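First comes the structure, then the notes that go with it.
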Number of protein chains: 2
Amino acid sequence: MRLSTKGRYAVTAMMDLAMHYGQGPVTLADISEHQDISLSYLEQLFARLKKNNLVEGLRGPGGGYRLSRHPDAISVADVITAIGEGIDATLCEGSEDCQDGEQCLTHELWSRLGKEIYDFLNGITLASFLENGAANKSPEHSQDSMVVSMPALNKSCA
Amino acid sequence: MRLSTKGRYAVTAMMDLAMHYGQGPVTLADISEHQDISLSYLEQLFARLKKNNLVEGLRGPGGGYRLSRHPDAISVADVITAIGEGIDATLCEGSEDCQDGEQCLTHELWSRLGKEIYDFLNGITLASFLENGAANKSPEHSQDSMVVSMPALNKSCA
DNA sequence: TTAGTACCTGAGCAATTTACTAGGTATTTA
DNA sequence: TAAATACCTAGTAAATTGCTCAGGTACTAA
């Protein structure tokens, strides 16, 4: 589990897509303008996201990206792990370095903590976060005409 | 809020100290051996931890480091922010770059998510995690003769 | 068919972070 | 004093981050 500005870019970009879910694809150029990220950097991020089947790309005029699943079915943990792609095997894990009990113990402790963090982030879906900003575990996965509401966020930023 | 292997090292090291709380200071050499981290790297980490008043250093033979507060009063978020030290002001935040509403919106979204993650990690204290691995909010802060128990973690690592 | 728009690939790069090495100084205990 | 330990400074190779540039490929409207 890793959490950096890279994951932050990815999550905010995915939220951009979630907000326009059901309204046709969103171009990377739009996201680039909205979030002030370079287009090529976004392309790199979305290559990862597409590789992990979180988004679909649609070419041609009027094309862009859209979520490949319902915002209810995409968690923040999904996005971050898709970006990180195979991180967290850092220390013993292969367990050949483990000699004494105490080392195993601290590793065990961290792996438990890491799992708790993952479970927490996995409980936050794009939809649930857009709706009320809360972590909703076990979403109902309603396949209806999803309309993402965005209440009380029109305060000025300056 | 940043989460990387650096924070992982710091958290496991602090857990090492929490386990020996009330049993005299622990040397960095011991932690270095237990966790297989270089001594100087630990020194850098503990310089930050000391700067943020999470640990106390005791020089001379028989010296080492110990927690400056009760394990109940130190959260995982405390450790990670002490290591990170003033990160998360990355994008607009100074808010001069914010032109349109939508950019503010995504920033608002992320800051809310970041706060949720922080609150979650802030609910996990060293003591509560050692005891049962669960996130206990609002610990009772018992100032008694803390004995950190470590049940059911003696499985072999190989 | 052709221009426009989108996605894709890969190289490269400055800045930062990571994890570590080397060498000191300061302080305390025995 | 001598040993143990914290503490400090500086450097550094490797990786990561965030980004740019330069070209490609695929699709669609005209």
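So you know, we letter chains A, B, ... as the sequences are listed, proteins then strands, and number each from 1. Everything quoted here is computed from the prediction, not taken from an experiment. Both backbone and side-chain heavy atoms feed into the values below; hydrogens, waters and symmetry mates do not.
Within 4.0 Å of B:Thr27, counting heavy atoms only, lie sugar-phosphate atoms of the nucleic acid but no base atom. At a threshold of 4.0 angstrom between heavy atoms, the contacts of B:Leu39 with the nucleic acid are absent. Heavy atoms of B:Phe46 sit nowhere under 4.0 angstrom from any nucleic acid atom.
Both A:Pro61 and A:Gly57 lie close to DNA chain C; mapped to their nearest nucleotides by heavy-atom distance, the more 5′-ward contact belongs to A:Pro61. Between A:Gln44 and A:Gly64, the residue anchored nearer the 5' end of DNA chain C, judged by the nucleotide with its closest heavy atom, is A:Gly64.
Here the shortest heavy-atom pairing between A:Thr27 and A:Gly63 reads CG2-O, 3.5 Å.
Residues in residues 53-67 of chain B take part in these side chain to side chain donor-acceptor pair (under 3.5 Å) pairs, two or more places apart or across chains: B:Glu56-B:Arg66.
Looking only at side-chain heavy atoms (C-beta outward), A:Phe46 and A:Ile31 come within less than 4.5 Å of each other. In this structure, B:Leu121 and B:Thr81 have side chains that are not in contact, with every pair of non-hydrogen atoms separated by 4.5 Å or more.
Contact annotation: side chain of B:Glu43 to base of D:dC7, donor-acceptor pair present below 3.5 Å.
Remark: A:Lys6 is not in phosphate contact with D:dC19, judged by side-chain N or O atoms under 4.0 Å from OP1 or OP2.
Minimum atom distance to the side chain of A:Tyr9 is reached by D:dC19, of the listed D:dC19, C:dA19, C:dC7. Nearest to the side chain of A:Ser40, among D:dT5, D:dC21, C:dC7, sits D:dC21.
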